[in-house]
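Remarks on the structure that follows.
Each chain gets a letter, A, B and so on, in the order its sequence line appears, and its residues count up from 1. No experiment lies behind these values; they were computed from the predicted model shown.
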Amino acid sequence: GAVVSQHPSRVICKSGTSVKIECRSLDFQATTMFWYRQFPKQSLMLMATSNEGSKATYEQGVEKDKFLINHASLTLSTLTVTSAHPEDSSFYICSARDLDRANAYEQYFGPGTRLTVT
Amino acid sequence: GEDVEQSLFLSVREGDSSVINCTYTDSSSTYLYWYKQEPGAGLQLLTYIFSNMDMKQDQRLTVLLNKKDKHLSLRIADTQTGDSAIYFCAEPRVERALTFGSGTRLQVQP
């Protein structure tokens with residue numbers, strides 16, 4: 001089946017620094033990828049929709065200048081958390097849809113990246 | 001706005017059946033999903049059901065859909081300790097992102 005990878009799987013950074021998280025579709029092309037955030041013991045909340053070759057669409061309440069999304073190719077989207085603060089500590093999960101299966105029911109999730117800001 | 005709702009916790013004994021319930025929001029959803037998340041891990045698609053179905057069975061899993069009440073359930077037969085996890089129901093939204101329920105933590109007692 002289709003595989004989505006994320007890198008890194010876990011990162012610890014100091015407050016005020018920036019962290020980049022990569023999401024790759026390994027064996028399919030994805031025009032659209034989604035970034036979710038999951039706080040401890042909570043559900044996943046959609047942060048933004050990443051579209052290849054165009055600007056990301058952010059959900060209400062998500063700061064686009066803080067969470068920079070770049071979808072430079074059909075297999076890679078990156079999320080950069082700028083000037084990270086402890087409240088940004090969370091589990092970040094991406095997902096992607098297979099371009100060749102535009103009507104398929106399934107989207108494929110990455111394994112997640114756990115960000116801890118100290 | 002409306003939320004996709006689930007009960008937060010369910011505890012069962014090994015070998016019993018587990019039933020996890022979900023109330024979704026959009027009556028026009030074409031399909032609905034159940035995902036499993038083990039501690040510290042990503043999401044695993046367990047099963048899905050199309051809106052034109054009332055029931056779907058896949059080995060130990062049975063999904064029931066009541067469109068009138070916007071109610072979805074997941075039954076796990078012969079629950080095992082390896083089934084202990086958080087289970088999320090989800091419905092699609094614009095551009096096929098998903099709206100997830102709050103998650104139900106299933107604890108299986110040996």
Side-chain angles (χ1 to χ4, degrees), chain A residues 1-7 9-10 21 23 30-52 54 56-62 71 77 90-99 101-116, chain B residues 1-10 20 22-26 28-53 56 58 63 65 72 85-107:
Chain A
V3 177
V4 174
S5 70
Q6 281 184 242
H7 177 79
S9 58
R10 187 181 294 265
I21 302 169
C23 176
T31 54
T32 303
M33 292 184 175
F34 305 100
W35 286 97
Y36 296 84
R37 179 168 55 184
Q38 184 180 31
F39 290 109
K41 299 189 188 304
Q42 293 189 25
S43 187
L44 285 79
M45 299 299 293
L46 180 67
M47 297 176 66
T49 301
S50 172
N51 300 299
E52 187 267 338
S54 65
T57 304
Y58 290 82
E59 294 299 297
Q60 191 173 9
V62 178
H71 195 149
S77 174
S90 187
F91 194 51
Y92 292 87
I93 304 176
C94 71
S95 70
R97 292 178 54 227
D98 188 335
L99 178 63
R101 300 182 65 198
N103 294 320
Y105 62 88
E106 187 169 0
Q107 57 180 268
Y108 305 97
F109 283 84
T113 296
R114 184 162 302 283
L115 169 64
T116 303
Chain B
E2 295 179 78
D3 294 326
V4 179
E5 296 184 349
Q6 298 178 237
S7 52
L8 293 181
F9 184 75
L10 175 65
I20 301 171
C22 170
T23 302
Y24 60 97
T25 63
D26 187 353
S28 65
S29 292
T30 52
Y31 31 79
L32 296 146
Y33 307 89
W34 283 102
Y35 283 87
K36 176 183 180 182
Q37 185 179 36
E38 297 186 19
L43 293 175
Q44 173 194 352
L45 177 65
L46 276 181
T47 188
Y48 65 95
I49 187 168
F50 287 105
S51 60
N52 62 357
M53 303 165 85
K56 178 181 178 182
D58 184 1
V63 179
L65 175 60
L72 182 72
I86 301 176
Y87 291 81
F88 294 96
C89 62
E91 62 179 344
R93 47 183 292 178
V94 174
E95 288 196 310
R96 307 287 185 90
L98 296 179
T99 298
F100 288 87
S102 49
T104 299
R105 182 179 298 273
L106 175 63
Q107 181 181 74

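Evaluation of the salt bridge (charged side-chain N to carboxylate O under 4.0 Å, His left out) test over residues 35-48 of chain A, restricted to residues two or more places apart or in two chains, returns none.
Using a 4.5 Å cut-off between heavy atoms, Q38(A) touches chain B through its side chain atoms alone. For I86(B), no part lies near chain A; criterion is any non-hydrogen pair under 4.5 Å. If you measure heavy-atom distances from L44(A) to chain B, the contacts under 4.5 Å come from both the backbone and the side chain.
In this structure, CG on L46(A) lies 7.5 Å from OG1 on T99(B), to the nearest 0.5 angstrom.
In this structure, Q42(A) has no side-chain hydrogen bond (donor to acceptor under 3.5 Å, both in side chains) partners at least two apart in sequence or on a different chain.
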Please determine whether side-chain contact (heavy atoms from CB on, under 4.5 Å) holds for the pair L43(B) and Y108(A), giving the CA-CA distance in whole Å, both sets of side-chain angles, and the decisive distance to 0.1 Å. CA-CA 9 Å; L43(B) 293 175; Y108(A) 305 97; over 6 Å; no
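A distance-only check finds no donor-acceptor pair linking the side chain of Y36(A) to the backbone of A97(B) [under 3.5 Å]. For the pair S43(A) (side chain) and G103(B) (backbone), a donor-acceptor distance under 3.5 Å is absent.
Annotation: maximal heavy-atom pairing with chain A below 4.5 Å, among Q37(B), Q44(B), R105(B), occurs at Q37(B).
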